[in-house]
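Atoms within a ligand are numbered from 1 in the order they appear, just like the ligands themselves.
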Amino acid sequence: MAEPHDHSHSQQDPIDIWHVRGHFATRVGFILAAVGSAVGLGNIWKFPYIMGENGGAAFLLVYLVCIAFLGLPVMLVEFVIGRAGQTSAVGSFRKLSTGTFPWWLNGLLGVFTGFLILSFYSTVAGWILFYMLHAIRGGFAEFATDEATAGAFFGNWIAGGTEPVVYQFLVMLMTGFIIYFGIEKGIERAAKLLMPLLFLMLGGLLINSLLSDGAMEGLKFMFRPDFGNLSYKAVLDALGHSFFTLSVGMGAMITYASYVNKDVHLGKTGLAVAGLDTLIALLAGITIFPIVFAYGVEPGSGPGLLFVTLPEVFARMPLGSFLGAVFFFLVFIAALTSAISILEPVVTWMVDDLNINRHIAAFVAASTVFLIGIPATLSVTSDSPLGSVLIPFPGGSLGFFDLFDKLTSVFLLPLGGLISCLFMVFAWKRASAMAELAGSTGNAGHILVAVWYRIAAFVAPLGIATILIYSVFGLVNKP
Ligand code: PFF
């Protein structure tokens with residue numbers, strides 16, 4: 001394993017953060033961290049269910065367009081800002097801009113967004129943890145008896161209140177713990193081993209799905225578009241999810257890129273991260289939808305989709321409880337590596353800009369997220385203790401869980417990404433941005449680098465702004 005690269009040219013003190021945060025090898029470490037951040041609950045839990053809610057294939061196409069023309073270009077903008085800045089997102093904006101315009105506020109917006117995202121992300125990661133333990137105890141066996149059991153079990157459990165909060169607490173404890181001590185070599189090694197294992201497991205489950213009765217219907221649902229069904233909400237969901245799944249719009253990628261050597265080609269890295277992320281989301285969809293149709297589950301059944309369909313399959317498989325436990329364990333690892341990347345920008349900001357000791361910062365940040373997260377966990381269904389508390393939101397009132405989810409995906413992440421693009425255009429020189437993307441060993445004059453700049457400078461901001469303006473006019477939840 002190579003040593004972490006030299007940060008001595010940086011003005012801040014990232015050596016400290018570097019050591020506390022961990023010993024990623026330069027290139028591999030960065031790619032792993034970025035993939036670990038991108039691949040998470042967004043791919044395996046959220047993507048299939050919002051695709052289900054939005055009618056399938058037509059949504060998928062819009063989503064892929066959003067990844068290519070909005071999410072990926074903005075991810076590269078964040079990479080470029082982070083590596084050039086070599087410090088927290090707030091610090092990078094401050095350091096790289098010359099005028100008086102307060103671009104650094106975008107860094108703060110990211111910190112705020114991170115708090116909100118992790119508040120509901122930790123709820124779902126808690127469900128995953130519970131399912132993993134439930135499978136280990138052999139609990140999936142009972143789902144094989146009839147199709148409704150898995151759905152009823154999940155619905156009752158998440159509405160129960162106390163237990164989900166305890167699991168959410170455990171998730172935040174682990175996330176805070178890793179941030180507190182830094183990401184040790186073991187975590188990097190574990191991620192290297194576990195991510196391929198997740199691929200393998202998904203591959204195995206996928207074959208099982210393709211052999212099921214619902215295979216044809218599932219594939220049609222995913223790949224035969226019917227644009228007549230495409231709603232405005234679907235476009236907005238696709239935009240929001242392309243940001244969420246690539247971890248873009250809140251400074252996570254700025255923070256990670258601040259630890260990268262100059263000789264890394266950020267463009268190539270970004271392509272690899274976005275490609276892998278999309279592949280995992282597609283595999284998850286191809287695994288889940290055939291089962292959905294085979295067992296007559298409603299594809300638009302929302303956040304519970306993963307928790308109802310897969311345990312059902314595991315219940316019927318030989319060694320199902322064991323495989324179920326392994327699968328949910330891998331998903332949990334994917335969730336944890338993403339959770340770390342959501343909390344890290346918050347902690348980095350506290351350390352770099354507020355001069356708070358990292359250990360205290362990790363404790364304060366994780367505890368705050370846990371406290372804000374409790375209402376999210378207690379509001380997931382109308383039967384939940386806070387299920388009837390609704391907050392006004394454009395297009396219709398929402399409970400806390402949905403509010404945090406929608407507010408961040410549909411408004412805050414796209415807004416943060418938009419401002420980063422504008423920052424690159426107005427506060428920075430085009431040549432510097434292109435050179436930063438290619439790195440010291442890449443070709444800054446390459447046509448693809450120029451194409452990226454144009455997309456990030458014109459197409460993405462215009463696209464995001466148009467969609468956001470529509471959202472502000474209250475169309476978020478309208479069909
Ligand atoms: N990309 C993660 C996922 O798909 O699960 C979620 C996420 C991580 C969102 C980091 C935002 C972020 F900054």
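Phe307 places a side-chain heavy atom less than 4.5 Å from the side chain of Trp45. The side-chain heavy atoms of Tyr63 and Thr245, taken from C-beta on, include a pair separated by under 4.5 Å. In this structure, the side chains of Phe370 and Val171 stay at 4.5 Å or more apart for every pair of heavy atoms.
Other residues, nucleotides and ligands contribute at most 12 non-hydrogen atoms within 6.0 Å of the CZ atom of Phe363.
The proximity of Ala335 to ligand 1, defined as any non-hydrogen pair under 4.0 Å, does not occur for either the backbone or the side chain. Contacts between Ser341 and ligand 1 below 4.0 angstrom, taking non-hydrogen atoms only, involve the side chain exclusively.
Taking any N or O of Ile342, backbone or side chain, none lies under 3.5 Å from an N or O belonging to ligand 1. Among the atoms of Val248, none of the N or O lies under 3.5 angstrom from an N or O of ligand 1.
Close contacts between ligand 1 and Leu41 involve ligand atoms 5 (O) [criterion: under 4.0 Å to a heavy atom]. Of all the atoms in ligand 1, the ones that sit under 4.0 Å from a non-hydrogen atom of Ala38 are 1 (N), 2 (C), 3 (C), 4 (O). The atoms of ligand 1 that sit less than 4.0 Å from any heavy atom of Ala252 are 13 (F).
Residue, atom and distance of the protein heavy atom nearest to atom 2 (C) of ligand 1 are Ser37 O, 3.3 Å. Protein heavy atom nearest atom 13 (F) of ligand 1, with residue, atom name and distance: Met250 SD, 3.0 Å.
Between Phe101 and Phe423, the distance separating the two ring centers is not shorter than 6.0 angstrom.
Residues Gln86 and Ser258 have side chains that never bring a donor and an acceptor to within less than 3.5 angstrom of each other. Donor-acceptor pairing under 3.5 Å is lacking for the side chains of Glu344 and Thr255.
Using a 4.0 angstrom heavy-atom cutoff, Tyr121 counts as in contact with ligand 1.
Between Tyr256, Phe244, Phe243, Trp45, it is Phe244 that holds the heavy atom closest to atom 6 (C) of ligand 1. Residue Ser247 holds the heavy atom nearest to atom 11 (C) of ligand 1 of all those in Ser247, Gly249, Gly416.
Cation-pi contact between Lys406 and Phe393: absent, since separation from the ring centre below 6.0 Å together with deviation from the ring axis within 45° is not met.
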